[in-house]
S.K.: 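This is the structure, below, for whatever I ask next.
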Protein chains: 2
Amino acid sequence: MSGDRRVRRTRRLVQQALVELILEKGYDAVTVTDVIARADVGRSTFYAHFTDKQDVLFSNLDELAFLHRLPAAGETGELFAFSRPMFEHVREQERLVRALLGRRSGGLVQARGEELLAAAVRNELVAAGARPSAELDLLVVCVVGAFMGLMRAWVDGATSASPAELDAAFRAAVTPGVRLALPPDGCAGSGPVTVVGG
Amino acid sequence: MSGDRRVRRTRRLVQQALVELILEKGYDAVTVTDVIARADVGRSTFYAHFTDKQDVLFSNLDELAFLHRLPAAGETGELFAFSRPMFEHVREQERLVRALLGRRSGGLVQARGEELLAAAVRNELVAAGARPSAELDLLVVCVVGAFMGLMRAWVDGATSASPAELDAAFRAAVTPGVRLALPPDGCAGSGPVTVVGG
DNA sequence: CTTCATACCGAACACATCGTACGGAAACGG
DNA sequence: CCGTTTCCGTACGATGTGTTCGGTATGAAG
């Protein structure tokens, strides 16, 4: 990989320690002192690699970067194709996601996630024939808000629904409204777009 | 009013100081020491009234809590009657809301706001004839998520839409999906319920 | 294996913030 | 006017932060 083996080791230990501690105590309650104790790493070593706690948090984000290769509409012929794979993926990476997105960590990561998702959703809707406009952007905000709301509720343990049920709930709540913002059937460009309900 | 004049004065000074400082530095960067300096209040006095920073934040929220007297469905015969008044109210209290809900303050207030709103929305839907169930709760999460998403986008300056436009966007995105979860017209108990579009 | 670079350790440091305690001064309500 | 409550100011111990520095050990390259 890149560089010294000792470096990789240290970074990995610190990242893992932070995730564990967030899950135990919540982001705010975790101190740098906690992290270096759990990681069994010298204090000066920590600050040689990271500037602070938040820096470690964000360094973890790269591992969640499957966000960048979301399936796009047109490929699958289905709107919001990201929904179910996302819920599935989250269940697999449960520990990390819970640490990053949960109510116990700052809203920092959530904000970034919303941006990425909003861009993807907007592209999808435009590809499906929606006219770019201020109204469309507000619709996108609503769609993303609903999705992230479900995600938060799930991660915070407010619901025990399965990925399939969450996906269904998301579509049931959102697609009827989205449909009205799309042009009537049978004309759009890139392939057959269907809004699936279950 | 309630109690000693000195008490009211102190609490008011502290609350105002916190809001000012959040707007200047962001919630996380504000310290109790900052607050008591700005409020010109003794340290021990602060802790005589509040347990910590977050306590002050939440005490502010209560005064914003026209959330508790949200017009319920059945009274107005209109679903989500809270929407437009809320956006209007937010515009008036812009400084405070920006301080409380903005990306600069922790997700604390947002989480609490979501809870209050979720309870209200759920009551409305049940009053409108929806059967309490796990699916209903997920629908509520979506509705609240969409609303809060709009709120955040607005507060963060991502859109310059008017309260009326935000209200319209919210309803356009959400009501079609909600309708499908309600029983067909003409039977529910408490008065005529109509889902208004614009 | 030797050499050299560099990452690590550990302890100490100055600094900031927190939450509490206490006696005396001030302001309140009646 | 007087008893009560609140406020002030200061000081305190505890905890966390981010940096510095000399010595050690572990890595990679020849």
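Order of the sequence lines sets the chain letters (A, B, ...), proteins ahead of strands, with each chain counted from 1. Quick caveat, the model's predicted, so the values are computed rather than measured.
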S.K.: Between D/dC8 and B/Thr45, is there an OP1 or OP2 to side-chain N/O distance shorter than 4.0 Å?
M.R.: yes

S.K.: Do any side-chain nitrogens or oxygens of B/His49 fall under 4.0 Å of OP1 or OP2 in D/dC7?
M.R.: yes

S.K.: Can you check the A/Arg11 CZ to C/dT6 P distance for me, whole Å?
M.R.: 18 Å

S.K.: Could I get the full list of salt bridge (charged side-chain N to carboxylate O under 4.0 Å, His left out) partners for A/Arg122, not counting sequence neighbours?
M.R.: A/Asp137

S.K.: With sequence neighbours left out, which residue pairs that include part of residues 110-151 of chain A fulfil the ring pair (Phe, Tyr, Trp, His ring centres under 6.0 Å) condition?
M.R.: A/Phe82-A/Phe147, A/Phe87-A/Phe147, A/Phe147-A/Phe170

S.K.: Under 4.0 Å, heavy atom to any atom of DNA chain D: which of residues 31-41 of chain A qualify?
M.R.: A/Thr31, A/Val32, A/Thr33

S.K.: Would you please name every residue forming a salt bridge (charged side-chain N to carboxylate O under 4.0 Å, His left out) with B/Arg84, sequence neighbours left out?
M.R.: B/Glu88

S.K.: For B/Ser44, check side chain to side chain donor-acceptor pair (under 3.5 Å) against everything at least two apart and list the hits.
M.R.: none

S.K.: Would you say the side-chain atoms of A/Arg152 pair up with the backbone N or O of B/Gly145, donor to acceptor, closer than 3.5 Å?
M.R.: no

S.K.: Under 4.0 Å from OP1 or OP2 of D/dG18: is there any side-chain N or O of A/Tyr47 that close?
M.R.: yes

S.K.: Distance check needed: C/dC8 C1' versus A/Phe50 CZ, whole Å only.
M.R.: 15 Å

S.K.: With a 4.0 Å limit, can you tell me whether A/Thr51 has a side-chain N or O closer than that to the phosphate oxygens OP1/OP2 of D/dG18?
M.R.: no

S.K.: In this structure, how many angstroms lie between the P atom of D/dT15 and the NZ atom of A/Lys53, rounded?
M.R.: 18 Å

S.K.: Just how large is the angle between the end axes of the helix from C/dC1-D/dG30 to C/dG30-D/dC1, five pairs per end, to 10 degrees?
M.R.: 40°

S.K.: From CZ of B/Arg9 over to C1' of C/dA26, roughly how many Å is that when rounded to an integer?
M.R.: 12 Å

S.K.: Applying side chain to side chain donor-acceptor pair (under 3.5 Å), can you list everything that pairs with A/Ser83, at least two apart in sequence or on another chain?
M.R.: A/Asp167

S.K.: Measure CZ/B/Arg43 against C1'/D/dC8 and give the value in whole Å, please.
M.R.: 13 Å

S.K.: By salt bridge (charged side-chain N to carboxylate O under 4.0 Å, His left out), which residues pair with A/Arg6, not counting sequence neighbours?
M.R.: A/Asp4

S.K.: So, using side chain to side chain donor-acceptor pair (under 3.5 Å) as the criterion, who are the partners of B/Ser133 when residues are at least two apart?
M.R.: B/Glu135

S.K.: Between A/Asp52 (CG) and D/dG16 (P), how many Å, whole number?
M.R.: 16 Å

S.K.: For A/Ser162, which residues count as a side chain to side chain donor-acceptor pair (under 3.5 Å) partner, sequence neighbours excluded?
M.R.: A/Glu165

S.K.: According to side chain to side chain contact (heavy atoms under 4.5 Å, CB included), who are the partners of B/Ala169, at least two apart in sequence or on a separate chain?
M.R.: A/Leu138

S.K.: Reading nucleotides 24-30 of chain D 5' to 3', which nucleotides get B (base under 4.0 Å from a protein heavy atom), which S (sugar-phosphate only), which -?
M.R.: -BBSS--

S.K.: Answer yes or no: does a side-chain N or O of A/Thr10 lie under 4.0 Å from OP1 or OP2 of C/dC8?
M.R.: yes

